[in-house]
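What follows is a single structure, written as structure tokens, with notes after it.
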Amino acid sequence: DEPKIDNSTQEPMNCTNHTAYVQCLPAPNITCKDHLGIERVFTGREVGFYKPVACRNVNGYSYKVAVALSLFLGWLGADRFYLGYPALGLLKFCTVGFCGIGSLIDFILISMQIVGPSDGSSYIIDYYGARLTRLSITNATFRKMQSYP
């Protein structure tokens, strides 16, 4: 099944440690053996197992509000105040958005989801909407050599 989505966070219900679990119902007349060797026939109504689904940490910062503030009131620093960066918001307010250039740069950075909330959480974005996933490279990341046929 698809996960049940919480309307306030737009993330799957019961999200803990960036994981939510969704019920998986086997098709009718499927026979499975468990780890003890006991066979079980499913009718299509019982839960066979729970599939883990990734979810994000959100704290109430809406992506749509941040982009709208950046577009219309970015020259006053409203976008930075909303996202929790009061010093940058005040600086943008006093310099009229760094003469417009800083407002344009902030609009691009917020629209591309590069600048997010100051607490490290993610934006609230529609569950089936356009989200970006950040990739990171660590010492555990390695490059797989391409094999030719």
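It should be emphasised that the depicted structure is a prediction, and the values quoted were computed from it without experimental measurement.
Atom SG of residue Cys24 and atom CZ of residue Phe49 lie 4.0 Å apart, to the nearest 0.5 angstrom.
Residue Val58 shares its hydrophobic cluster (ILVMFWY side chains chained together at separations under 4.5 Å) with Ile124. Apart from Leu36 itself, the hydrophobic cluster it occupies contains Ile38, where clustering links Ile, Leu, Val, Met, Phe, Trp and Tyr at side-chain heavy-atom distances under 4.5 Å. The other residues sharing a hydrophobic cluster with Tyr21 are Leu25, Val47, Tyr50, where clustering joins ILVMFWY side chains under 4.5 Å apart.
Residue Asn14 qualifies as open at atom CG: its count of foreign heavy atoms under 6.0 Å is 12 or below. Atom CD1 of Ile101 is surrounded by 12 or fewer heavy atoms from other residues, nucleotides or ligands within 6.0 Å.
Considering only residues two or more places apart in sequence or on other chains, Ile125 meets the side-chain contact (heavy atoms from CB on, under 4.5 Å) condition with Arg56, Tyr63, Gln113, Tyr123, Arg131. Residues forming a side-chain contact (heavy atoms from CB on, under 4.5 Å) with Leu104 (at least two apart in sequence, or on another chain): Ile108. In this structure, the side-chain contact (heavy atoms from CB on, under 4.5 Å) partners of Thr31, at least two apart in sequence or on a different chain, are Glu39, Val41. Partners of Lys64 by salt bridge (Lys or Arg N to Asp or Glu O under 4.0 Å), not counting sequence neighbours, listed by chain and number: Asp126. A search for side chain to side chain donor-acceptor pair (under 3.5 Å) contacts involving Glu46 returns Thr43, not counting sequence neighbours. Under the rule for a salt bridge (Lys or Arg N to Asp or Glu O under 4.0 Å), Asp119 has no partner lying at least two apart in sequence or in another chain. Here Glu2 pairs with Tyr128 under the side-chain contact (heavy atoms from CB on, under 4.5 Å) rule; sequence neighbours left out.
The disulfide (SG to SG under 2.5 Å) analysis of residues 49-85, with sequence neighbours excluded, yields the pairs Cys15-Cys55.
Shortest non-hydrogen contact noted between Gly48 and Phe42 is CA-CE2, 3.9 Å. In this structure, Trp75 and Phe72 approach most closely via the heavy-atom pair NE1-O, 3.3 Å. Heavy-atom minimum distance, Val53 versus Pro12: CG1-CG, 4.4 Å.
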Check: residues 80-98 side-chain donor-acceptor pairs under 3.5 Å, at least two apart:
residue: Arg80; atom: NE; partner: Asp106; partner atom: OD2; Å: 3.0
residue: Arg80; atom: NH2; partner: Asp106; partner atom: OD1; Å: 2.7
residue: Tyr82; atom: OH; partner: Ser62; partner atom: N; Å: 2.8
residue: Tyr85; atom: OH; partner: Gly116; partner atom: O; Å: 3.0
residue: Lys92; atom: NZ; partner: Gly74; partner atom: O; Å: 3.2
residue: Lys92; atom: NZ; partner: Asp79; partner atom: OD1; Å: 3.1
residue: Lys92; atom: NZ; partner: Asp79; partner atom: OD2; Å: 3.1
residue: Lys92; atom: NZ; partner: Asp106; partner atom: OD2; Å: 2.8
residue: Thr95; atom: OG1; partner: Leu91; partner atom: O; Å: 2.8
residue: Thr95; atom: OG1; partner: Phe98; partner atom: N; Å: 3.1

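Grouping the Ile, Leu, Val, Met, Phe, Trp and Tyr side chains by contacts below 4.5 angstrom, directly or via other members, places Tyr127 apart from Met13.
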